[in-house]
Amino acid sequence: MVRPLTDISLDAMLGSIQRQRTLGNLPEELCLDLFQRVLSHGKLTPEVLALFVRTGHELVLECIEDLHLQMPPPVLPTGRGAWLGDKPRLF
């Protein structure tokens, strides 16, 4: 059985999803299909989630909202090699 070219292309994009810069040129239905593949393969990271949010596609944004996915809060720098309870150095 021959796989459709779109399936092969989406699988290739899935393999390199961390290196993708933008998905804005991808049609909305294909972007949603790629998002579902990312979820099913466990490749969703904050960077990948931001990539899909930046597309602005309604179907993708609705799916993200329905799943209650949110960007994690930013991690504050704590200083180098500090242990819990240590006072931060000023200089």
Side-chain angles (χ1 to χ4, degrees):
M1 182 170 156
V2 178
R3 291 175 51 201
L5 184 58
T6 54
D7 284 345
I8 296 169
S9 300
L10 289 175
D11 285 343
M13 288 183 73
L14 176 65
S16 64
I17 194 69
Q18 297 287 348
R19 294 186 301 265
Q20 298 295 326
R21 297 283 180 221
T22 182
L23 299 174
N25 295 332
L26 200 60
E28 190 170 15
E29 293 79 18
L30 292 178
C31 192
L32 181 61
D33 190 13
L34 180 61
F35 183 69
Q36 291 171 343
R37 289 173 192 236
V38 165
L39 290 176
S40 67
H41 283 86
K43 293 190 175 224
L44 187 65
T45 63
E47 294 82 15
V48 173
L49 180 60
L51 181 67
F52 282 101
V53 169
R54 283 193 309 265
T55 63
H57 293 315
E58 287 293 323
L59 292 175
V60 175
L61 295 176
E62 286 176 11
C63 185
I64 291 170
E65 186 177 304
D66 290 345
L67 293 172
H68 303 288
L69 297 175
Q70 298 177 4
M71 295 300 293
V75 178
L76 299 175
T78 60
R80 289 185 239 156
W83 290 90
L84 291 175
D86 285 351
K87 293 181 181 176
R89 297 189 312 235
L90 295 177
F91 301 102

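Quick note: numbers below take in every heavy atom, side chains included, and nothing from hydrogens, waters or symmetry partners.
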Check your understanding: Passes side-chain contact (heavy atoms from CB on, under 4.5 Å), Val38 versus Phe52? Steps please.
Key -> CA-CA 10 Å; Val38 165; Phe52 282 101; 4.1 Å; yes
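By the criterion of side-chain heavy atoms lying less than 4.5 angstrom apart, applied directly or through intervening Ile, Leu, Val, Met, Phe, Trp or Tyr residues, Leu61 is grouped together with Leu23 in one hydrophobic cluster. Using a 4.5 Å cut-off between side-chain heavy atoms of Ile, Leu, Val, Met, Phe, Trp and Tyr, with links allowed through other members, Leu30 and Ile8 fall into different hydrophobic clusters.
Here ring pair (Phe, Tyr, Trp, His ring centres under 6.0 Å) pairs that include residues 10-32, with residues two or more places apart or in two chains, number zero. Among residues at least two apart or in separate chains, side-chain hydrogen bond (donor to acceptor under 3.5 Å, both in side chains) pairs with a member in residues 47-75 are Thr45-Glu47.
For Asp7, the side chain to side chain donor-acceptor pair (under 3.5 Å) criterion is met by Arg37, not counting sequence neighbours. Among residues two or more places apart in sequence or in another chain, the side chain to side chain donor-acceptor pair (under 3.5 Å) test is passed with Gln20 by Ser16. Looking at residues two or more places apart in sequence or on another chain, you find a salt bridge (charged side-chain N to carboxylate O under 4.0 Å, His left out) between Arg3 and Asp11. With sequence neighbours excluded, no residue satisfies side chain to side chain donor-acceptor pair (under 3.5 Å) with Ser40.
Looking only at side-chain heavy atoms (C-beta outward), Asp33 and Thr6 stay at 4.5 Å or farther from each other. The closest side-chain heavy-atom distance from Lys43 to Val48 is not below 4.5 Å.
Across all their heavy atoms, Leu34 and Ile17 have their closest contact at CD2-CD1, 4.0 Å. Of all heavy-atom pairs spanning Pro46 and Met71, the tightest one is O-CE, 3.3 Å. Considering all non-hydrogen atoms of both residues, Cys31 and Val60 come closest at SG-CG2, 3.9 Å. The two residues Glu28 and Leu59 come nearest to each other via the heavy atoms OE2-N, 2.7 Å.
The distance from the CG atom of Leu49 to the CG atom of Leu67 is 10.0 Å, given to the nearest 0.5 Å. For the atom pair Leu32 CG and Ile64 CD1, the distance stands at 9.5 Å (nearest 0.5 Å).
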